[in-house]
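Keep in mind that what you see is a predicted model, and the values were worked out from it rather than measured. Numbered from 1 within each chain, the chains take letters A, B, ... in sequence-line order.
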There are 2 protein chains.
Amino acid sequence: MEKPLSGAEVTRVTLVESAIRLFGERGYDAVSTRDIADLAAANIGSIAYHFGGKPGLRRACADYVIANVRSTLGTSFLKPTDNMSPADALACMEHSIGAFCHFWLANRESQHFVHFMLRELLDPGEVSELLYANWMKPMHMRFCLLFGLATGRDPCSEEVKIAVFSCVGQVFHFRVAKPLIMRRLDWDVMGPEETERLCKRLVMHVGALVAAYKGGA
Amino acid sequence: MEKPLSGAEVTRVTLVESAIRLFGERGYDAVSTRDIADLAAANIGSIAYHFGGKPGLRRACADYVIANVRSTLGTSFLKPTDNMSPADALACMEHSIGAFCHFWLANRESQHFVHFMLRELLDPGEVSELLYANWMKPMHMRFCLLFGLATGRDPCSEEVKIAVFSCVGQVFHFRVAKPLIMRRLDWDVMGPEETERLCKRLVMHVGALVAAYKGGA
DNA sequence: GTCTATAAACAGATAGAC
DNA sequence: GTCTATCTGTTTATAGAC
């Protein structure tokens, strides 16, 4: 599992990580290639050499982020669903949503990735396509399957798809509006205690939605 | 109620509306003042004359959007809450959330404003401060009051604040990821029928959350 | 108030030395 | 592979004619 990187690979990775950070903080268009090279302690020419140009670096960032998300969150999605009872499915879904909450809101190392993804989601283009196909869609399908099993409804139905979007949407929003939400909650920092309380609440909300769809209309 | 605008005022408003549209579509940094002047059929110099520069135009856009949101959505927030029963409070909240959904997702004229606000929300700065103080915070406080009345809980408690953020967060998310969500739902367009079904679901989810907080922990 | 010309700074891409 | 110098186009801001 050791991976001794060559000098060139170090430069590549450092450029990508610096770019993800700056793209996430300021947005793709607001960041110059000079800023990225400076943060990575590389020269401007290296971006053209390694990635062909700024758009190529953007794609490389997307690939890097997707690989990271899948390796971090992927394990939560492997449990086979054969013969799962509704209660099991709910428990499995709550566990996965909890992992997603921690990745999305708490894990400090992932915050640059998350901010990068959020910004790209607002910009229809090649990167948002990659994010959808390689991450959002598989995650959503998995949650639909579990939501369907937990409520006894068709996992492919519109109602289930919309409900699942609401489940993940609430989590997204706490990241989008994080600074404003923290102010409203009188939180100076979002430390481990705060994120723990928050994640528990969000998981509970998923349970409330499952309960509502399990019962009536 | 008529408001005959002078020539200069027409230029001002046209510039602001063009800027909101372009800022929303591409982001503040990706739009040049030339693009804005072209779309407004004005000359570049007029931006400096009327707003002092690009940042001044951005502020003017924020003011314009906030005024529009408040006049469109404000009426839903006026009903006095004295002696409201829990059922009344829930009905009132569902009505207001429904109005918010329609503004945020369905109303075609408001889509430029919504996209502008979403992008600014991701950028901590002067504009996001204005949006928070003049729109998000008042709306959130109103919903917390109603949620507290509907569930019998303290409207100022952390749990209520978080629950309300989840309620509005789900709505936000359907706008943030709209193109990807439409694809997942196999919707070619988000027309009146689709938005109607969607808004009804989102209102229902709010009811589910109220029910959960009304009952147990 | 409107419009044009221009300045000064900055962008991304590239050629070539090492 | 790395780094520097430079090219070409574009940015915002401004000065001044009308």
Q: Give me the residues of residues 47-57 of chain A where at least one heavy atom lies under 4.0 Å from an atom of DNA chain D, by number, or none.
A: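 DNA chain D contact set from residues 47-57 of chain A: Y49(A), H50(A).
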Q: Are there any protein N/O atoms within less than 3.5 Å of an N/O atom in nucleotides 3-9 of chain D, and if so, which ones and at what distance?
A:
unit_1 : atom_1 : unit_2 : atom_2 : d
dC3(D) : OP2    : N43(A) : ND2    : 3.0
dC3(D) : O5'    : N43(A) : ND2    : 3.3

Q: Quick one: the dot-bracket string of DNA chain C, using Watson-Crick and G-U wobble pairs with both distances under 3.5 Å, [ ] for crossing pairs and | for bases paired to another strand.
A: ||||||||||.|||||||
Q: Determine whether the aromatic ring centres of F116(B) and Y64(B) lie less than 6.0 Å apart.
A: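 Between F116(B) and Y64(B), the centre distance exceeds or equals 6.0 Å.
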Q: Quick one: does K54(A)'s side chain have a donor or acceptor within less than 3.5 Å of a partner on Y28(A)'s backbone?
A: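 Side chain of K54(A) to backbone of Y28(A): a pair is present.
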Q: Mind checking salt bridge (charged side-chain N to carboxylate O under 4.0 Å, His left out) for D35(A) and listing every partner two or more places apart, or none if nothing turns up?
A: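 With sequence neighbours excluded, D35(A) shows a salt bridge (charged side-chain N to carboxylate O under 4.0 Å, His left out) to R26(A), given in chain and number order.
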Q: Decide if the gap between the ring center of Y213(A) and the ring center of H205(B) is smaller than 6.0 angstrom.
A: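 Under 6.0 Å, so yes.
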Q: Among residues 10-27 of chain B, which contact DNA chain C at a heavy-atom distance under 4.0 Å?
A: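 T11(B) - these, ordered by number, are the residues of the stretch whose heavy atoms sit under 4.0 Å from the strand.
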Q: For residues F103(B) and F113(B), establish whether the separation of their ring centroids is below 6.0 Å.
A: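 F103(B) vs F113(B): aromatic centres not under 6.0 Å.
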Q: How long is the straight-line distance from SG of C101(B) back to CZ of F174(B), given to the nearest 0.5 Å?
A: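 The distance works out to 9.0 Å.
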Q: Could you tell me whether the side chain of R119(B) and the main chain of E25(B) form a donor-acceptor pair under 3.5 Å?
A: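 Here the side-chain-to-backbone pair exists.
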Q: Under the side chain to side chain contact (heavy atoms under 4.5 Å, CB included) rule, collect the residues that match up with T81(A), sequence neighbours excluded.
A: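 Listed in chain order: M84(A), R142(A), L145(A), L146(A), L149(A).
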